[in-house]
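Taking it in order: structure first as structure tokens, then the write-up.
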Amino acid sequence: MNAAPRSRRERPAKPALTREGIIAAAVAILRAEGLRKVTMRRLAQELDTGPASLYVYVRNTDELHAAVLDELLGTVDPAPSEGTWRERLERVLTGYTAMLLEHPTLARSALTARPSGPHYLRLVETLLELLQAGGVPLAQAAWGVDLLLQHATATAAEHAGEEPQGDWQAAARALREAPAATHPHIAAGADALLSGTPGARLSWAFQTLINGIERTAVPNLEPADVQNPVSTDVPNPVPTEGQEAT
């Protein structure tokens, strides 16, 4: 005997959509499948809803990726308590780099992502606090934060998911085999060019940047030189009929 049809009213109600829930689901997809799968369509499938419903909470895929990045910034140790201000600053930056290295596709996206959530603000606040604890003037510290995060992000994007590859081996071989007659400086410095562990080189780079930030004043700025990040180009957050959601 066939079972009686089940009324829709008897089905469990779906949890209400929230921005926090959407971001949490996006992070779960990132961890399981990588950033390329973190799309509005895939996320809607995971949440059992339509892509258009998500645009009420997240304008587009770029904003979604930035929100995912901000969520993962919450895993970075915000303020190591021991050590000099330089050591603490380097540990925060190293933790940020390590977080990105765990998510190769996110590391590359982070070069252009613009997070604006609470964890991003906490990270910037921490970096400014540590730089100013070392006596770095506010203007230099402010520009320095951008430089330090840019280097950390670029380093993670370059090495994320890296495996021994023929391209790198070929580049190393080219440096070692460069003839002294035509490339005397490379021939003399080939070993130095290829020396050092990734951790040692990252530490050296951070300390070099910190030293430069500490000692290099920013130019005097006119009011017109202050950047205005507000753009008048606002994308349509909801696809029109017939337009495929990303």
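Everything quoted here is computed from the prediction, not taken from an experiment. Position 1 is the first residue of the sequence, and the numbers go up from there.
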At their closest point, which heavy atom of [X] faces which heavy atom of [Y], and how far apart are they?
X: Leu193; Y: Arg201; value: O-NH1, 3.4 Å
X: Ala178; Y: Ala187; value: O-CB, 3.8 Å
X: Ala44; Y: Pro51; value: CB-N, 3.6 Å
X: Ala66; Y: Pro115; value: O-CB, 3.7 Å
X: Leu100; Y: Ala110; value: CD2-CB, 4.2 Å
X: Ala67; Y: Ile23; value: CB-CD1, 3.4 Å

- Let me see the working for Asp77 and Arg91 under side chain to side chain contact (heavy atoms under 4.5 Å, CB included), right down to the final yes or no. CA-CA 8 Å; Asp77 187 356; Arg91 281 203 294 274; over 6 Å; no
In residues 128-147, what donor-acceptor pairs under 3.5 Å come from side-chain atoms, sequence neighbours left out?
from	atom 1	to	atom 2	distance (Å)
Gln140	NE2	Ile213	O	2.8
Gln140	NE2	Glu214	O	3.2
Gln140	NE2	Thr216	O	3.4

Separation between [atom1] of [X] and [atom2] of [Y], rounded to the nearest 0.5 Å:
X: Ile210; Y: Leu93; atom1: CD1; atom2: CG; result: 6.0 Å
X: Ile29; Y: Leu43; atom1: CD1; atom2: CG; result: 5.0 Å
X: Met99; Y: Glu102; atom1: CE; atom2: CD; result: 8.5 Å
X: Leu127; Y: Arg88; atom1: CG; atom2: CZ; result: 11.5 Å
X: Glu90; Y: Thr84; atom1: CD; atom2: OG1; result: 9.0 Å

Donor-acceptor under 3.5 Å ([X] side chain, [Y] main chain):
X: Tyr57; Y: Leu17; result: yes
X: Asp70; Y: Ser116; result: no
X: Ser203; Y: Ala200; result: no
X: Ser195; Y: Ala192; result: yes
X: His65; Y: Val38; result: yes

Notebook entry, point to check: Any link between Leu194 and Trp204 through a network of hydrophobic side chains (Ile, Leu, Val, Met, Phe, Trp, Tyr) touching at under 4.5 Å?
Noted result: no
Check your understanding: Less than 4.5 Å apart, any side-chain heavy atom of Arg114 and any of Glu63?
Key -> no
**Asked** Got Val58 and Met40 here, is their nearest side-chain heavy-atom distance under 4.5 Å?
**Response** yes
* **Pairing of Glu46 and Lys37 as salt bridge, 4.0 angstrom limit** => no
Criterion side-chain contact (heavy atoms from CB on, under 4.5 Å) against [X], the qualifying member of [options]:
X: Thr153; options: Thr112, Leu111, Leu148; value: Leu111
X: Leu35; options: Leu30, Leu64, Leu69, Thr61; value: Leu30
X: Phe206; options: Leu89, Thr97, Asn211; value: Thr97

* **His183 atom NE2: more than 12 heavy-atom contacts under 6.0 Å** => no
